[in-house]
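See below for the structure under consideration.
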Amino acid sequence: MKKLLLAFFVLLATVPAYAKQNTTTLKFAKGSYCTSFDGYYHNRVFNIYLLKGQALEITIDDVVDGVVVKDSKGKRLQEVGLENFNYDIKRTGNHTIKINRASVNGGSSSIKFCAY
């Protein structure tokens with residue numbers, strides 16, 4: 001029994017600790033195609049409801065490592081276009097967005113989300 005407990009604690013010690021991710025739900029004001037977020041985006045997941053056929057454009061005033069957008073089924077969307085971060089929405093539903101910062105410093109930014 002002691003060996004089993006020891007093995008459990010050794011395994012537990014080797015598993016990396018992940019910081020808790022904050023979730024922010026983004027909503028569009030009536031009649032608006034855009035919404036924004038100002039603040040720290042590190043360890044934050046954004047949720048946004050999008051319709052099939054919309055084009056999502058994300059503009060960030062910071063240097064980032066990349067943006068990961070997943071549809072309502074968890075499928076990662078491919079970026080399209082050359083400017084900003086642009087995605088074609090293939091499925092209606094809640095989408096998640098994770099922005100990876102480029103360095104360990106910073107992480108506070110103004111981010112604009114538009115769906116056309």
Side-chain angles (χ1 to χ4, degrees):
M1 182 68 168
K2 286 182 181 181
K3 288 183 180 181
L4 182 61
L5 283 174
L6 179 61
F8 174 75
F9 287 116
V10 168
L11 179 64
L12 188 61
T14 60
V15 175
Y18 292 100
K20 179 185 173 203
Q21 291 189 340
N22 295 315
T23 301
T24 300
T25 300
L26 301 170
K27 296 187 182 205
F28 298 104
K30 187 174 182 177
S32 177
Y33 295 101
C34 298
T35 188
S36 63
F37 173 84
D38 293 308
Y40 287 94
Y41 60 86
H42 178 64
N43 287 328
R44 183 173 303 277
V45 174
F46 297 96
N47 289 326
I48 189 168
Y49 188 85
L50 298 167
L51 301 174
K52 180 180 178 178
Q54 285 185 309
L56 174 65
E57 179 180 278
I58 303 169
T59 307
I60 307 165
D61 70 353
D62 194 9
V63 178
V64 298
D65 235 4
V67 175
V68 176
V69 178
K70 293 184 179 179
D71 68 13
S72 58
K73 301 284 186 183
K75 182 179 177 188
R76 186 175 177 163
L77 302 183
Q78 294 299 311
E79 187 179 343
V80 296
L82 300 173
E83 293 184 31
N84 301 317
F85 295 93
N86 299 296
Y87 303 87
D88 291 329
I89 304 306
K90 308 276 188 218
R91 185 184 320 252
T92 296
N94 287 313
H95 290 64
T96 59
I97 302 166
K98 175 78 171 124
I99 300 169
N100 301 311
R101 63 185 179 168
S103 70
V104 294
N105 298 323
S108 179
S109 185
S110 179
I111 307 168
K112 187 174 180 181
F113 303 87
C114 296
Y116 304 102

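The analysis underlying the following values was restricted to heavy atoms, covering all of them including side chains, and did not include hydrogens, waters or symmetry mates. Computed from a predicted structure; not experimentally measured.
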message = Quick check: closest heavy atoms across N47 and T96, and the distance to 0.1 Å?
response = OD1-CG2, 3.2 Å
task = Quick one: which residue pairs count as a salt bridge (charged side-chain N to carboxylate O under 4.0 Å, His left out) with a foot in residues 23-52, not counting sequence neighbours?
result = none
key: disulfide (SG to SG under 2.5 Å) contacts touching residues 28-96 (sequence neighbours left out)   = C34-C114
task = To the nearest 0.5 angstrom, please state how far the CZ atom of R76 sits from the OH atom of Y87.
result = 7.5 Å
inquiry  = Test: disulfide (SG to SG under 2.5 Å). Region: residues 61-99. Which pairs qualify, not counting sequence neighbours?
reply    = none
remark   = NZ (K112) and CG (L26) are apart, to the nearest 0.5 Å, by 14.0 Å
Cut-off 3.5 Å, no hydrogens considered: what does the side-chain donor-acceptor table look like for residues 67-75, sequence neighbours left out?
unit_1, atom_1, unit_2, atom_2, d
D71, OD1, K73, N, 2.9
D71, OD1, G74, N, 3.1
D71, OD1, K75, N, 2.9
D71, OD2, R91, NE, 3.1

note = The complete set of ring pair (Phe, Tyr, Trp, His ring centres under 6.0 Å) pairs with one or both residues in residues 45-70, sequence neighbours excluded, reads F37-F46, F46-F113
query = Rounded to the nearest 0.5 Å, what separation is found between the CD1 atom of I48 and the CD1 atom of I97?
reply = 5.0 Å
request  = Test T24 against Y41 for side chain to side chain contact (heavy atoms under 4.5 Å, CB included), laying out the working first.
outcome  = CA-CA 10 Å; T24 300; Y41 60 86; over 6 Å; no
request  = State, without any angle test, whether Y40 and N22 hold a side-chain donor-acceptor pair at a distance under 3.5 Å.
outcome  = no
ask   = Same cluster for V45 and L50 if Ile/Leu/Val/Met/Phe/Trp/Tyr side chains link at under 4.5 Å?
value = no
inquiry  = I want to check something: taking the side chain as every heavy atom from C-beta on, are I89 and L51 in contact at a cut-off of under 4.5 Å?
reply    = no
key: Sequence neighbours excluded, every pair satisfying disulfide (SG to SG under 2.5 Å) that has a member inside residues 52-101   = none
request  = Quick one: pull up CD1 in I58 and CG in N84 and give me the separation to the nearest 0.5 Å.
outcome  = 9.5 Å
query = Side chains of D61 and S109: donor-acceptor distance under 3.5 Å anywhere?
reply = yes
query = Side-chain contact, heavy-atom cut-off 4.5 Å: N86 with L56?
reply = no
From NE2 (H95) to NZ (K90), nearest 0.5 Å = 10.5 Å
ask   = Rounded to the nearest 0.5 Å, what separation is found between the CG atom of D88 and the CD atom of Q78?
value = 11.0 Å
